[in-house]
Amino acid sequence: MVDKEKEMLSEEEQQEMLAKYDKESSFRQNTGKWKWVISFLAISLTVFHLWRAFPQNGGPLVYLMQGSVHLGTAMGLIFLLYPFRRTGIKKVGIPWYDVILAFLSMGSVYYILFRYDWITGPARILGFSNLDIAVATIGIVLLLEATRRAVGIPIIVIASLAIIYGLYGTNIPYFGHGGFDWPGLARRLFFTSDAIFGTPIQISSTYIFLFLFFGVMLTKTGVGQYFNDLAFGATGRFTGGTAKAAVAASALQGMVTGSSVANTVASGSFTIPMMKRAKFRPEFAAAAEASASTGGQIMPPIMGAAAFIMAEYVSSVSYSDIIVIGIIPAMLYFTGVFMGTHFEAKRYGITGLPKSELPSMKGLAKRADLLLPLIVIVSMLVNGFTPTYAALTGIGTAFLVSFFRKDTRMKPRDIVDAFEQGARVALPVIAACATAGIIVGVVVFTGLGGKIAGGLLEIAGDSLFLLLFFTMIACILLGMGLPTTANYVVTASMAAPALMAYGVPDIAAHMFVFYFGIVADITPPVCLAAYAGSGIAKANPMKAGVMAFKLAIAGFIIPYVFVYNPALLLQDADVLTVVQLVITALLGMAAISATMMNYFVYSFKWYERLILLAAGIMLIYPENLVIELSGFVLFVLIGYIQHKRKKRETPTNAESNA
């Protein structure tokens, strides 16, 4: 077995890499005397969510009260942990002004708790007081600043434009529907369930936080490392084994992490040096890890935080339905990346790892109990239990499983660290959900969403393909600056309605915008996951981004396939239809992936590459058996021609020895 300690980046190097490429990880390293306050607030937030998750305690509080504890505490932690500028992450201690902002932000949001009866009762009839509006103003401004620190500037720009539109939208031709005065707008944004405390923050304060904590518990019990070992044990011996193992490991880890950049750094610190040592090109090693890690957000059961919100937006499906619906597209995506690594390895003659460097399958089987928490949580979701109860049970199972062996047993300090880390990893998601709520709130109560949907339909005319194409571009552009959850919330409010108005099934429309928001992380020029991988691989960032795009080409094809063929999402489909779709999609992706990597059975002649690309497109062409069969014939023909040429041009052993 390879010495992992020499291959992996140190914990400090990983944190520096995350801070460089992931805004969410740019927090203070040394908080000085305020460390105990941060620990207390973080642990208290985790305890609060666990306490309210128990049915015996009455479940979550009403939306404004649950949300105010959730968001207020998170904002306080953000000001204590995230500096005004990124350069401040290495400075010791916390400036006085950030301490004031932390407690001011908590106070402004906790105000809802103390004035709940007034806000939800007499204020709606008698009118909100000047104090109410002042507190709402402070809360909104501080939320925007907290989000800038923890998430980034782009989402703040969009939220600010939304607020401006809400105030002055009547002066905008065609899109003019705004025109609220500030007291009216502030009240709607801060004291109702239409905006900041809308669906995103409601889901964040109930389901998402618990599932993020579940992921922390799995990490603490060694499941992440077990996934790595399992992937290497299963695929490491085959052609290009290190790259295939990296893809498999990221798929498995993505089931519980749901973060592209964080997964790239965590897994890549080990897999990228291994791929380079196996003679993969540095930019390819970075791209393979980035494309696989990005796909982790579409991998059931967690699929990133956005999947929970999707279950609320699409009333016809539950979260357990989304898990099942997401299996085939996720499988196709990772198979596409897997194929790309295979063609790259065959092109450069890269073999697998020797048995001595691979984990023992017998040893892996003995540690299979580490999968029990994941099995429990999936089983409960599929069997109709609420996500809250399923997450709670999964957390408890992970805790119990940790005691099965000495090296995973959680000590009191580990438990305390897990509770603190559970809150810390949730902070950027909470901020993003709350700020995305501002955007969605303005879109909904000004009618802007309907105007945008109508505009997209008008531009696309009668062409579904053009409508999908314009929606894809919008999702990718937003995804370059917005985290996945916020991107989905915004596009689900503005772009998805246009697709549904055209007649696209609700779940297909929402999955379409969900997918393209995710692949933005590996779409040049702003492909943060690929940039993070290139930092580890010491490769050219743009070359790594282009290569990641090629490897993940399936992610750009699959959404079109399931819009034209909703059977791929198990919508009104029989088994035979689904099997046929999966087979033709796999063959089509194999053809397209081969053309992207410039290798199939043997090296291409230029016309073979064009024919195989055409064959791939024909194989995934919607609902036309003749075209699909024609594509299959071309696929087999190019394979046969290349096989014959390879046999003719490759010297035999006897010729080589002579």
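Reckoned from all heavy atoms, side chains included, excluding hydrogens, waters and symmetry mates.
- What you find for L218 and A398 is that their closest heavy atoms are CD2-CB, 4.1 Å.
- Side chains of F214 and L374 form a contact here, defined as non-hydrogen atoms less than 4.5 Å apart.
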**Request:** Take I196 and I438 through the side-chain contact (heavy atoms from CB on, under 4.5 Å) test and state the conclusion after the steps.
**Result:** CA-CA 5 Å; I196 290 173; I438 292 177; 3.5 Å; yes
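- The closest donor-acceptor contact from the side chain of T31 to the backbone of W34 lies at 3.5 Å or more, if one exists at all.
- For S320, the side-chain hydrogen bond (donor to acceptor under 3.5 Å, both in side chains) partners at least two apart in sequence or on another chain are S318.
- Within 6.0 Å of CG in N130 there are 12 or fewer heavy atoms belonging to other residues, nucleotides or ligands.
- Separating the CG atom in L104 from the CZ atom in F79 is a distance of 8.5 Å, to the nearest 0.5 Å.
- Shown here are the side chain to side chain contact (heavy atoms under 4.5 Å, CB included) partners of L392, two or more places apart in sequence or in another chain: L50, A53, F54.
- Proximity of I325 to Q571: side-chain heavy atoms (C-beta onward) are separated by under 4.5 Å at one or more points.
- Across all non-hydrogen atoms, the minimal contact from A159 to L144 is CB-CD2, 3.9 Å.
- For F84 against E145, the heavy-atom pair with the smallest separation is CD1-OE2, 3.6 Å.
- Looking at every heavy atom in both residues, Y313 comes nearest to A492 through CD1-CB, 3.7 Å.
- At least one side-chain heavy atom of E312 sits under 4.5 Å from a side-chain heavy atom of Y207.
- Side-chain atoms of Y502 come within 3.5 Å of backbone N or O of L464 as a donor-acceptor pair.
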**Prompt:** Which is it for D506 and V317 under the side-chain contact (heavy atoms from CB on, under 4.5 Å) test, yes or no, and what are the steps along the way?
**Reply:** CA-CA 9 Å; D506 291 7; V317 298; over 6 Å; no
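- For the side chain to side chain contact (heavy atoms under 4.5 Å, CB included) test, residues two or more places apart in sequence or in another chain that qualify with Q421 are V216, R424, V425.
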Counting only pairs under 3.5 Å, give me each side-chain donor-acceptor contact of residues 58-78, with atom names and distances, residues two or more places apart or in other chains.
unit_1 : atom_1 : unit_2 : atom_2 : d
Q66    : OE1    : L61    : N      : 2.9
Q66    : NE2    : S205   : O      : 2.9
S68    : OG     : L64    : O      : 3.0
S68    : OG     : M65    : O      : 2.9
H70    : ND1    : H49    : NE2    : 2.8
H70    : NE2    : S204   : OG     : 2.8
T73    : OG1    : V69    : O      : 2.8
T73    : OG1    : Y110   : OH     : 2.6

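- Shown here for P559 and F516, the closest heavy-atom pair between the two residues is CB-CE1, 3.5 Å.
- Across all non-hydrogen atoms, the minimal contact from V489 to A436 is CG1-CB, 3.9 Å.
- From L41, atom CG reaches atom CG of L81 across 9.5 Å, with rounding to the nearest 0.5 Å.
- The stretch residues 102-122 participates, sequence neighbours left out, in these salt bridge (Lys or Arg N to Asp or Glu O under 4.0 Å) pairs: R115-D132.
- Annotation: side chain of M472 is not in contact with side chain of V513 (no heavy-atom distance under 4.5 Å).
- Among residues at least two apart or in separate chains, side chain to side chain donor-acceptor pair (under 3.5 Å) pairs with a member in residues 179-189 are T137-W182.
- We find the CD1-CD1 distance between I43 and I415 to be 11.5 Å, quoted to the nearest 0.5 Å.
- Between the side chain of E458 and the main chain of L456, no donor-acceptor pair closer than 3.5 Å is present.
- Two residues are said to be in side-chain contact when any heavy atoms from C-beta on lie closer than 4.5 Å; I476 and F556 meet this criterion.
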**Request:** Could you go through the ring-ring contact (aromatic ring centres under 6.0 Å, His included) check for F512 and Y560 one step at a time?
**Result:** CA-CA 8 Å; F512 186 89; Y560 285 89; 5.5 Å; yes
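- Taking CZ of F180 as the start and OH of Y165 as the end, the distance is 9.5 Å to the nearest 0.5 Å.
- With sequence neighbours left out, T199 forms a side-chain hydrogen bond (donor to acceptor under 3.5 Å, both in side chains) with no residue at all.
- Between I112 and I119, some side-chain heavy-atom pair lies under the 4.5 Å cut-off.
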**Full working for side-chain contact (heavy atoms from CB on, under 4.5 Å) between T120 and Y116** = CA-CA 6 Å; T120 58; Y116 178 77; 3.5 Å; yes
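- Under the rule for a side-chain hydrogen bond (donor to acceptor under 3.5 Å, both in side chains), N487 has no partner lying at least two apart in sequence or in another chain.
- Atom CZ of F48 is surrounded by more than 12 heavy atoms from other residues, nucleotides or ligands within 6.0 Å.
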**Request:** Output, in order, the C-alpha distance, side-chain angles, deciding distance and verdict of side-chain contact (heavy atoms from CB on, under 4.5 Å) for K451 and T446.
**Result:** CA-CA 10 Å; K451 281 289 185 181; T446 62; over 6 Å; no
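- Rounding to the nearest 0.5 Å gives a distance of 14.5 Å between OG1 of T294 and CE of M299.
- In this structure, the side chain to side chain contact (heavy atoms under 4.5 Å, CB included) partners of I473, at least two apart in sequence or on a different chain, are F469, L477.
- In this structure, F191 has its ring center at least 6.0 angstrom away from the ring center of F197.
- Within the 4.5 Å cutoff, the side chain of F445 has heavy atoms near those of the L189 side chain.
- Under the side chain to side chain contact (heavy atoms under 4.5 Å, CB included) criterion, V157 pairs with I153, L161, sequence neighbours left out.
- The backbone N or O of P373 lies less than 3.5 Å from no partner atom in the side chain of T397, so there is not a single donor-acceptor pair.
- Evaluation of the ring-ring contact (aromatic ring centres under 6.0 Å, His included) rule for Y333 yields no partner, not counting sequence neighbours.
- Scanning for side-chain hydrogen bond (donor to acceptor under 3.5 Å, both in side chains) contacts around D194 gives an empty result, with sequence neighbours left out.
- With a 4.5 Å cut-off on side-chain heavy atoms, T206 and F308 do not count as touching.
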